[in-house]
Amino acid sequence: MTERQGGIRGWSAERKGHLARLRFTSLRLRLVVVFGLVALTAAVSASGIAYWLNREAVLTRTQGAVLRDFEQEMQNRAGSLPADPSQDELQHTAGQMANSSQRFSVLLVAEDADGRTVYGNSAGLNGFSLEDVPESLRTAVNRQQDTGAGNKSPYHLYWQRVVVSGTPYLVAGTKVIGGGPTGYMRKSLEPEAKDLNSLAWSLGIATGLALVGAALLAQAAATTVLKPVHRLGVAARRLGEGELDTRLRVSGTDELADLSRTFNRTAEALEKRVADMAARDDASRRFVADMSHELRTPLTAITAVTEVLEEELDAESGGIDPMIEPAVRLVVSETRRLNDLVENLMEVTRFDAGTARLVLDDVDVADQITHCIDARAWLDAVDLDAERGIHALLDPRRLDVILANLIGNALKHGGSPVRVSVTTTDDEMVIAVRDHGPGIPEDVLPHVFDRFYKASASRPRSEGSGLGLSIALENAHIHGGGITAANSPDGGAVFTLRLPRDASELAEQPESAGGADKRGTDKRGTDKRGKDKQGDA
């Protein structure tokens with residue numbers, strides 16, 4: 001069973017570790033994301049700058065070569081045309097200009113001898129036309145500039161990039177100085193665009209590879225940096241689970257090594273402190289147990305004597321001197337209280353020692369409660385609301401101790417009538433004990449199950465030992481249940497006991513919370529007059 005539980009616990013811890021590494025809030029993932037963002041920003045910036053520089057270089061180089069060639073052709077060929085050229089002359093000249101090394105389309109515009117506008121197109125009638133030239137470019141080409149010291153030519157070469165049907169073009173125009181024709185040129189930039197697209201794809205692939213490389217580098221860095229942190233986290237969990245001998249292997253002189261050394265020193269100090277406290281706690285428990293055992297022998301004799309004295313007090317013959325009768329009654333009462341205190345202390349030491357085992361039996365809950373009430377002569381003061389035939393596999397002696405404490409406490413501090421009700425589910429049994437007293441003060445509720453707790457500091461002395469409710473709670477815990485205290489909206493206090501209907505799983509091994517062992521006999525019960533000797537707050 002232990003090895004299986006250990007394997008399941010190890011698998012669960014490993015699974016939680018993997019999930020922690022995958023969480024967005026984990027340091028590993030954040031480190032990888034930061035590395036990736038930095039690499040992505042750097043790669044995108046570098047790629048963008050490289051693309052922009054190459055684009056400008058390619059376009060500028062191509063554009064410069066085309067414009068120089070066009071300008072040279074305009075000077076050499078268009079400038080040699082007559083003042084009033086015919087359309088055939090323009091067409092022939094445009095074809096010659098288009099056959100230059102740059103292979104651009106040419107459109108020449110002039111006026112013939114009759115004053116008509118004639119056109120010469122290198123690509124024929126359906127080729128490059130005046131409508132393909134942006135109007136702003138035509139306006140700039142035909143605008144005559146003022147000449148002067150800074151401007152010696154009235155006409156200049158203008159250019160513009162346009163996109164037609166998804167294809168980029170370079171369009172330029174100029175006018176022959178001295179009355180010659182106006183020429184326009186169009187050059188496709190599609191080869192350059194394809195080259196730039198290839199460059200963009202290459203830079204994008206390089207950016208992706210840089211991002212992947214950054215992620216791998218971040219993973220390696222995270223593994224290197226976070227591995228000591230992970231070991232520290234595992235060691236801290238083990239330390240929190242009680243493995244106080246956990247230590248970290250220290251290597252290096254960096255901050256993580258200093259942290260590991262600090263952890264080892266802290267764990268060593270904690271182990272020493274816990275060992276000292278455990279030793280003192282064991283010594284205290286042994287002292288209480290030994291003291292209780294030693295007190296039982298004289299208490300047995302004293303109890304026998306007080307029982308004789310009590311019989312004399314109850315005798316009709318009046319065997320006790322009336323002058324000393326109050327003293328005798330006080331001795332009897334205090335002896336009984338001391339005997340209860342010793343028994344309770346012995347029970348508490350069994351709880352603290354963790355040697356308790358359940359002795360289970362099939363219990364009819366209603367019969368068990370009735371027996372508890374009848375044995376203590378509480379039938380007139382307690383109302384029972386429980387159906388017959390409700391069975392549970394519990395320790396009947398410990399259940400009797402719980403019920404005696406809860407009902408006795410309700411009668412003592414709340415007053416009758418006390419109502420005991422039982423409800424059940426398939427797996428659980430709930431027993432509620434309600435009184436009709438003033439209830440429990442709110443500042444007292446959190447402490448009602450504390451050992452030796454007194455609700456009023458000015459009245460530290462009471463008939464009970466102050467251990468009854470804590471013993472009841474421990475007996476509930478050993479069954480795998482619990483007890484809660486609250487105030488009823490209708491007045492009075494309500495103690496709710498929850499127990500499993502089958503406590504067989506808990507009966508196989510000792511309960512660390514405590515409890516009596518199988519040899520511990522319950523000596524609480526009633527004296528011969530039916531008075532309760534167990535219920536106390």
Side chain to side chain, Glu268 and Asn264, heavy atoms closer than 4.5 Å: no
Run the salt-bridge test on Arg261 and Asp258 with the 4.0 Å N-O cut-off and return the result as yes or no. yes
The reported gap from CG in Asp245 to CD in Glu271 (rounded to nearest 0.5 angstrom) is 6.0 Å
Would you say His436 and Asp490 make side-chain contact, with heavy atoms under 4.5 Å? no
Work out which heavy atom in Asn487 is nearest to a heavy atom in Leu445; give both atom names and the distance. ND2-CD1, 3.9 Å
Evaluate the side-chain contact (heavy atoms from CB on, under 4.5 Å) criterion for residues Phe263 and Leu239: first the C-alpha distance (whole Å), next the side-chain angles of each, then the deciding distance (0.1 Å), finally the verdict. CA-CA 10 Å; Phe263 175 85; Leu239 191 67; 4.1 Å; yes
If I take atom CZ from residue Arg231 and atom CG from residue Leu248, how far apart are they, to the nearest 0.5 angstrom? 7.5 Å
Starting at CG of Leu199, measure out to CG of Asn54 and round the result to the nearest 0.5 Å. 5.0 Å
For atom CZ of Arg498, is the number of surrounding heavy atoms from other residues, nucleotides or ligands below 6.0 Å larger than 12? no
Does the side chain of Ile431 come within less than 4.5 Å of Leu406's, by heavy atoms? no
What do you reckon, is CZ of Arg247 surrounded by more than 12 foreign heavy atoms closer than 6.0 Å? yes
Using modelled atom types and a 3.5 Å cut-off, is there a donor and acceptor pairing between side-chain atoms of Asp502 and backbone atoms of Leu393? no
Ignoring hydrogens, what is the shortest heavy-atom contact between Ala485 and Phe495? Give both atom names and the distance. CB-CE2, 3.6 Å
Report, as yes or no, whether the 6.0 Å neighbourhood of atom CZ on Arg388 holds more than 12 heavy atoms from other residues, nucleotides or ligands. yes
Can we say Arg376 and Asp400 salt-bridge, meaning some charged N sits less than 4.0 Å from an Asp/Glu carboxylate O? yes
Can you tell me how far the CD1 atom of Ile369 sits from the CG atom of Asp367, to the nearest 0.5 Å? 9.5 Å
Set of ring-ring contact (aromatic ring centres under 6.0 Å, His included) partners for His371, sequence neighbours left out: none
Heavy-atom check, side chain of Arg397 versus side chain of Val359, under 4.5 Å: no
Does the pair Leu399 and Asp395 meet the rule for a side-chain contact (heavy atoms from CB on, under 4.5 Å), with working shown? CA-CA 6 Å; Leu399 179 59; Asp395 188 328; over 6 Å; no
In Å, rounded to the nearest 0.5 Å, how long is the span from CG of Leu469 to CD of Glu474? 12.0 Å
Do Arg419 and Asp385 make a side-chain contact, defined as non-hydrogen atoms from C-beta onward lying under 4.5 Å apart? yes
Do Gln368 and Leu394 have side-chain heavy atoms sitting under 4.5 Å apart? no
Between Tyr51 and Leu196, the two heavy atoms sitting closest are CE1-O, 3.3 Å
Can you check whether Val422 reaches Glu387 side chain to side chain, under 4.5 Å on heavy atoms? no
Measuring from Asp374:CG to Leu379:CG, what's the distance to the nearest 0.5 Å? 4.5 Å
A side-chain contact here means heavy atoms from C-beta on lying under 4.5 Å apart; do Leu497 and Leu499 qualify? yes
Heavy atoms from other residues, nucleotides or ligands near CZ of Arg501 exceed 12 (cutoff 6.0 Å): yes
What are the two closest non-hydrogen atoms of His391 and Asp364, and how far apart are they? NE2-OD2, 3.8 Å
Closest approach of Arg398 and Asn475, non-hydrogen atoms and distance? NH1-OD1, 2.8 Å
More than 12 heavy atoms from other groups under 6.0 Å of CG on Asp276: yes
Minimum-distance pair of heavy atoms, taken over all atoms of Ala366 and Leu384: O-CD2, 4.1 Å
